[in-house]
Amino acid sequence: MGILADKNTRVVVQGITGREGMFHSERMLEYGTQVVGGVRPGKGGEWVLDGKVPVFDSVKVAVDATGADCSMIVVPQSAAPDAMLEAADSGVRLIICLTEGIPIQDMMRVRAYLDFKGVQLIGPNCPGLLTPGQTKIGIIPGDIAIPGSIGVVSRSGTLTYEVLAALKQVGLGATTCVGIGGDPVKGLNYIDVLQMFEDDPLTDQVVMIGEIGGSDEEKAAEFISQSMTKPVVSFIAGQSAPPGKRMGHAGAIVEGGEGSAADKIAALKKAGVQMADHPEQIPDLLRK
Amino acid sequence: MGILADKNTRVVVQGITGREGMFHSERMLEYGTQVVGGVRPGKGGEWVLDGKVPVFDSVKVAVDATGADCSMIVVPQSAAPDAMLEAADSGVRLIICLTEGIPIQDMMRVRAYLDFKGVQLIGPNCPGLLTPGQTKIGIIPGDIAIPGSIGVVSRSGTLTYEVLAALKQVGLGATTCVGIGGDPVKGLNYIDVLQMFEDDPLTDQVVMIGEIGGSDEEKAAEFISQSMTKPVVSFIAGQSAPPGKRMGHAGAIVEGGEGSAADKIAALKKAGVQMADHPEQIPDLLRK
Amino acid sequence: MKLHEYISKDIFAKYGVPVPKGEIAATPEEAGKIAKKLGGRVVVKAQVLVGGRGKAGGVKLAADPQEAVEAAKAILGMDIKGLTVSKVLIAPAVEIATEIYLGITNDRTARQPVIIASAAGGVDIEEVAKTNPEKIIRVHVNPLLGVQDYNIRDLAIGIELDRRLWDSFHTITKGLWEAYHNSDATLAEINPLVIDDKGQLLGIDGKMVIDDSALYRHPDFEELRDLSAEEPAEIEARQSDLTYIKLDGEIGCMVNGAGLAMATMDIIKLFGGEPANFLDIGGGANAEKVAAALRIILSDPNVKAVLFNIFGGITRGDEVAKGILEAMDTLKPTVPMVIRLVGTNAAEGRALLAEANMITAETLAEAAQKAVEAAKGSK
Amino acid sequence: MKLHEYISKDIFAKYGVPVPKGEIAATPEEAGKIAKKLGGRVVVKAQVLVGGRGKAGGVKLAADPQEAVEAAKAILGMDIKGLTVSKVLIAPAVEIATEIYLGITNDRTARQPVIIASAAGGVDIEEVAKTNPEKIIRVHVNPLLGVQDYNIRDLAIGIELDRRLWDSFHTITKGLWEAYHNSDATLAEINPLVIDDKGQLLGIDGKMVIDDSALYRHPDFEELRDLSAEEPAEIEARQSDLTYIKLDGEIGCMVNGAGLAMATMDIIKLFGGEPANFLDIGGGANAEKVAAALRIILSDPNVKAVLFNIFGGITRGDEVAKGILEAMDTLKPTVPMVIRLVGTNAAEGRALLAEANMITAETLAEAAQKAVEAAKGSK
């Protein structure tokens with residue numbers, strides 16, 4: 001059993017009838033995920049994916065009919081804020097939003113409302129989560145990871161696959177892999193997921209994958225040094241990137257530092273985290 | 001010690017420099033209430049009430065300077081929603097808003113925000129509270145009540161004074177008297193205060209004063225029958241009132257019944273509440 | 001404050017709700033001209049701020065301008081539940097296939113706006129609410145978010161609206177929400193919202209009630225107030241910032257606080273009298289306001305006695321006494337007056353009133369008994 | 001997307017922020033005409049989307065129209081941090097008594113908008129933030145509430161603004177909030193907001209950055225985009241929905257996913273090479289997009305080798321392979337190409353590419369090493 005979701009998690013897919021919705025729902029069904037329903041306003045009553053999945057007009061109707069406790073969102077950019085709010089009011093406990101390009105002011109409002117309702121969100125603009133051998137909710141390819149005792153958290157997409165594949169290569173598996181997404185305002189953050197791994201009896205070690213920008217990795221470093229007993233291995237992408245584009249004075253005043261790779265690596269090292277030079281080095285740094 | 005406030009409660013008055021603000025702050029000081037500061041944007045630095053009370057530009061500044069934990073609001077109608085939100089962000093735990101005439105849509109937003117912040121509100125459009133012998137925060141005349149073991153909750157103003165005076169007449173006193181106000185959307189409701197009295201070791205009996213309109217008394221009746229062990233005596237004003245003005249179809253659909261005195265009295269009687277025919281009968285119905 | 005149908009529908013139209021384009025007439029001639037301009041069959045509808053005008057004969061169909069003139073002649077001046085019709089709305093007649101109910105109001109229990117829809121719209125909607133509550137769909141709106149697209153979809157799904165009409169229903173519900181929200185309404189209602197013979201949604205009748213507390217930021221509505229729908233004394237009371245409701249009894253009441261005012265009426269009845277009015281002078285009333293209140297009470301010829309019940313809090317006894325004395329100087333009332341004055345500055349007030357020829361009382365029960373006796377005596 | 005000073009100030013003015021009424025000129029003659037029309041002393045300011053134009057000589061005072069012509073002549077065409085000045089703003093010169101900073105941005109940690117004010121405004125505000133952080137006042141705004149009056153008072157109190165200016169400061173801050181909120185800005189900044197010699201608040205310089213993700217609902221901003229501030233290849237990339245940033249190295253990179261793209265650049269550097277670019281083809285890229293990406297990479301003459309690193313997820317290996325083959329058909333590249341293809345449909349993709357003359361790799365490290373070697377070999 002992984003953190004956040006396992007083989008009993010019942011998923012509805014908002015936007016199931018779209019190209020991506022269909023493609024990934026099919027992969028999820030193949031993997032064994034309980035995709036119990038889809039949502040597409042105006043198409044309620046249809047069945048998709050060879051008649052395996054019923055489509056509903058709203059998340060509420062879908063949840064009432066299927067007992068779903070999780071919603072995955074793959075609707076277009078302009079419909080995504082409404083879709084998240086709808087999911088939050090429907091009774092699911094976990095929302096995983098894959099949609100990218102959601103305006104930040106929309107996300108601030110959505111996140112405030114979700115906090116108010118006590119609903120957990122992963123994403124937006126994220127690959128979702130994978131509990132190897134049990135369930136995958138999102139787009140992480142299922143065959144690149146095997147069950148194991150390593151917790152993986154990342155705000156990058158394909159870089160995460162790289163790491164999972166590298167782990168599998170040497171026979172290492174994961175309890176859960178959570179792709180939290182790289183948007184400035186999102187649902188679960190590193191710290192939230194690190195805490196879950198710390199509390200999870202099946203997780204022995206944690207891999208945290210970060211990148212330049214913002215200060216989430218620095219905050220995670222502080223959390224690790226203060227609250228974590230399990231070993232953490234990390235890689236930060238963007239060491240070779242030129243100084244990022246600036247957001248005027250206010251951005252610098254608010255963010256403080258520049259969010260450079262060097263700063264993040266220094267903070268994590270200070271917190272006792274083992275740092276990899278490149279992703280394929282990570283397996284060597286894990287305690288075997 | 002009463003529920004909600006006692007002699008240690010430290011109060012700031014928002015709108016202290018106005019006519020009503022000055023008048024009632026003075027009465028409160030006379031009663032022994034710790035009026036530790038006032039707020040009037042643009043008049044910070046002045047002192048009022050014979051130099052006894054400092055004025056601040058904002059609630060936050062006032063709370064930081066005085067350690068106040070309660071704010072009483074007597075600002076004009078148009079400034080009251082902002083004043084409540086400001087108080088909610090300032091660190092006080094209790095807001096008592098006397099201002100009347102606040103638009104209901106404003107109050108719905110304010111209340112939602114206060115719930116989010118976990119701050120308690122009494123009012124608006126209420127006489128406030130009185131913990132006899134300890135503190136009065138609001139406009140209930142201090143000399144009409146004595147300390148005792150009766151909890152009083154009311155959504156009426158002067159009718160409450162009537163009851164307190166009638167109790168005093170026969171030597172009965174109150175633990176706390178809470179005037180929750182009669183606005184359709186407000187802070188504490190009957191049920192919230194009844195629960196506090198039920199939990200308060202010093203309160204032996206409860207007087208609940210209601211009036212026609214809405215369905216708060218019916219809900220209170222349900223609560224009393226299910227959750228209260230202490231005896232409750234009640235009076236409902238408006239038995240002689242003609243059927244109230246209607247709010248179109250939607251109002252009737254939402255509210256269900258008409259909120260008539262007869263309905264309320266029947267519900268309360270069914271819940272085992274002793275009903276008074278007029279306010280001055282209440283003392284006779286209390287267990288001596 | 002209630003708005004007339006034609007004003008409500010103008011507001012809805014401003015926010016994108018399709019409504020039949022009608023015009024307002026105050027004379028049969030105007031009605032005929034409008035009917036001619038519109039062409040075809042029209043409906044002539046009394047504009048009164050009360051329900052049930054259809055059953056009272058206040059709505060008539062007219063096949064041509066001449067029939068419209070006749071219809072307007074019949075309706076203008078008509079008395080509907082005590083209100084005189086002074087305006088009619090002339091609008092194109094619509095072939096109605098289906099009647100839907102759509103309304104927004106404030107749910108005080110949920111402390112949220114609620115949008116209500118039903119496929120069983122029309123005049124019997126309240127009956128539907130009682131007998132077939134499952135046909136009434138309610139969707140709450142978080143006041144910090146405002147209406148969201150999924151709220152509207154939940155309504156459309158709930159009333160099983162034809163999917164081809166979802167987009168149009170979305171526009172209408174969003175428009176109704178904006179009308180409700182931007183106008184500080186306590187009610188914004190389209191009933192019926194019809195599907196016409198062309199399969200289009202159309203708002204046939206509209207109603208809005210504006211939150212009186214919010215009128216200070218909507219001066220435009222204040223100008224629209226239809227004073228013909230109110231008692232002159234109630235209008236005068238509002239202008240003096242008093243709440244006055246005329247009743248049928250013989251004992252005039254002046255009380256501070258709505259709850260105490262009602263309790264005072266109740267106790268008058270308990271002791272065998274009948275209150276002539278509800279009058280709340282509010283908190284902190286000054287002498288001027290008290291004088292206006294007494295003038296309003298005494299303007300009712302049924303009043304045989306007046307009962308003052310003032311429990312001082314914000315309101316000060318001495319101010320009230322001054323107002324009573326001023327008013328008595330001007331009005332020279334002939335009916336007996338019973339006064340009970342307690343609370344803030346009551347002693348000062350009583351001292352001021354000592355010279356006036358008034359009956360005084362200590363308790364509420366005593367005051368009521370004395371007022372009932374006085375009223376009997378002065379008949 | 002950054003907006004020019006003159007556009008930002010136009011938006012601020014629309015929301016009630018007082019700004020000096022200036023006009024834009026593209027030639028010295030126009031500048032002279034505007035200066036004449038304005039009368040008095042004017043300031044001629046380069047309109048470039050980069051900071052530090054003052055220190056670079058891009059801002060000049062002119063006492064009369066002739067001086068304005070000279071100033072415009074000097075500034076137009078000037079190179080400021082790699083950007084050529086094509087427009088100048090001519091505005092009345094203002095006598096400045098005090099410089100205030102006022103800006104709104106998104107605090108991603110607090111997940112709320114934050115309004116920032118300082119009495120120590122002007123060009124050195126970032127220095128103030130470091131050396132005297134107590135002079136920087138931050139007030140967060142709840143995103144569900146929007147800015148409230150007390151938020152603005154907290155700012156005025158915090159910067160100890162003269163109370164006579166509170167009302168004006170309120171109007172300006174509220175206007176700036178509306179500009180920020182209604183435009184989906186990630187930054188809306190007035191710096192300096194000055195108190196002029198008449199004691200009035202006036203917004204002298206303004207800056208806005210619009211959230212690129214929100215541009216779909218602001219087509220008007222898209223039209224204002226200043227393409228002169230961007231690399232042509234970056235513009236082409238954006239039009240193909242790719243993210244491309246030109247760098248100075250010799251190994252072109254095409255990767256799916258920003259994190260993996262950066263990791264690929266990092267590992268190239270780790271093995272002794274230098275990346276020529278950052279290029280993220282995004283998720284679910286199709287053949288057409290891949291072809292556009294390759295064209296852009298090869299348009300950089302510094303590129304000595306290309307490294308493809310594709311880890312299939314949404315992106316399918318076969319689609320990428322097709323795109324590469326198509327692009328190679330057209331472009332006939334002469335530089336060596338190293339490809340690593342794993343994940344979804346990677347086998348199908350590899351099969352398609354088998355005939356093409358490409359270097360393949362299994363691991364990221366291997367791919368990077370081979371690319372570095374290939375680039376050295378092709379020099």
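Note on naming: letters A, B, ... go to the chains in the order of the sequence lines (proteins, then strands), and numbering restarts at 1 for each one. As a basis for the values below, the full set of heavy atoms in this structure was taken, side chains included, without hydrogen atoms, waters or symmetry mates.
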Pairwise salt bridge (Lys or Arg N to Asp or Glu O under 4.0 Å) hits with a residue in residues 14-24 of chain C, at least two apart: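 As it turns out, the salt bridge (Lys or Arg N to Asp or Glu O under 4.0 Å) pairs with a partner in residues 14-24 of chain C, which skip direct neighbours, are E23(C)-K37(C).
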Which bit of V61(A) is near chain C, if near means a heavy-atom gap under 4.5 Å: side chain, backbone, both or neither?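 Contact with chain C: side chain only.
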Using atom types as modelled and no hydrogens or angles, find all donor-acceptor pairs between chain C and chain A shorter than 3.5 Å.
residue: D149(C); atom: N; partner: D82(A); partner atom: OD1; Å: 3.0
residue: Y150(C); atom: N; partner: D82(A); partner atom: OD1; Å: 3.1
residue: Y150(C); atom: N; partner: D82(A); partner atom: OD2; Å: 3.4
residue: Y150(C); atom: OH; partner: D89(A); partner atom: OD2; Å: 2.5
residue: R153(C); atom: NH1; partner: D82(A); partner atom: OD2; Å: 3.3
residue: R153(C); atom: NH2; partner: D82(A); partner atom: OD2; Å: 3.0
residue: R153(C); atom: NH2; partner: E86(A); partner atom: OE1; Å: 2.8
residue: D154(C); atom: OD2; partner: K60(A); partner atom: NZ; Å: 3.2
residue: R163(C); atom: NH1; partner: G42(A); partner atom: O; Å: 3.0
residue: R163(C); atom: NH1; partner: G44(A); partner atom: O; Å: 3.4
residue: R163(C); atom: NH2; partner: G44(A); partner atom: O; Å: 2.9
residue: R163(C); atom: NH2; partner: D57(A); partner atom: OD1; Å: 3.4
residue: R163(C); atom: NH2; partner: D57(A); partner atom: OD2; Å: 2.8

Give, for atom CG of L145(C) and atom CZ of F116(A), the distance between the pair rounded to the nearest 0.5 Å.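 If we round to the nearest 0.5 Å, L145(C):CG and F116(A):CZ are 9.0 Å apart.
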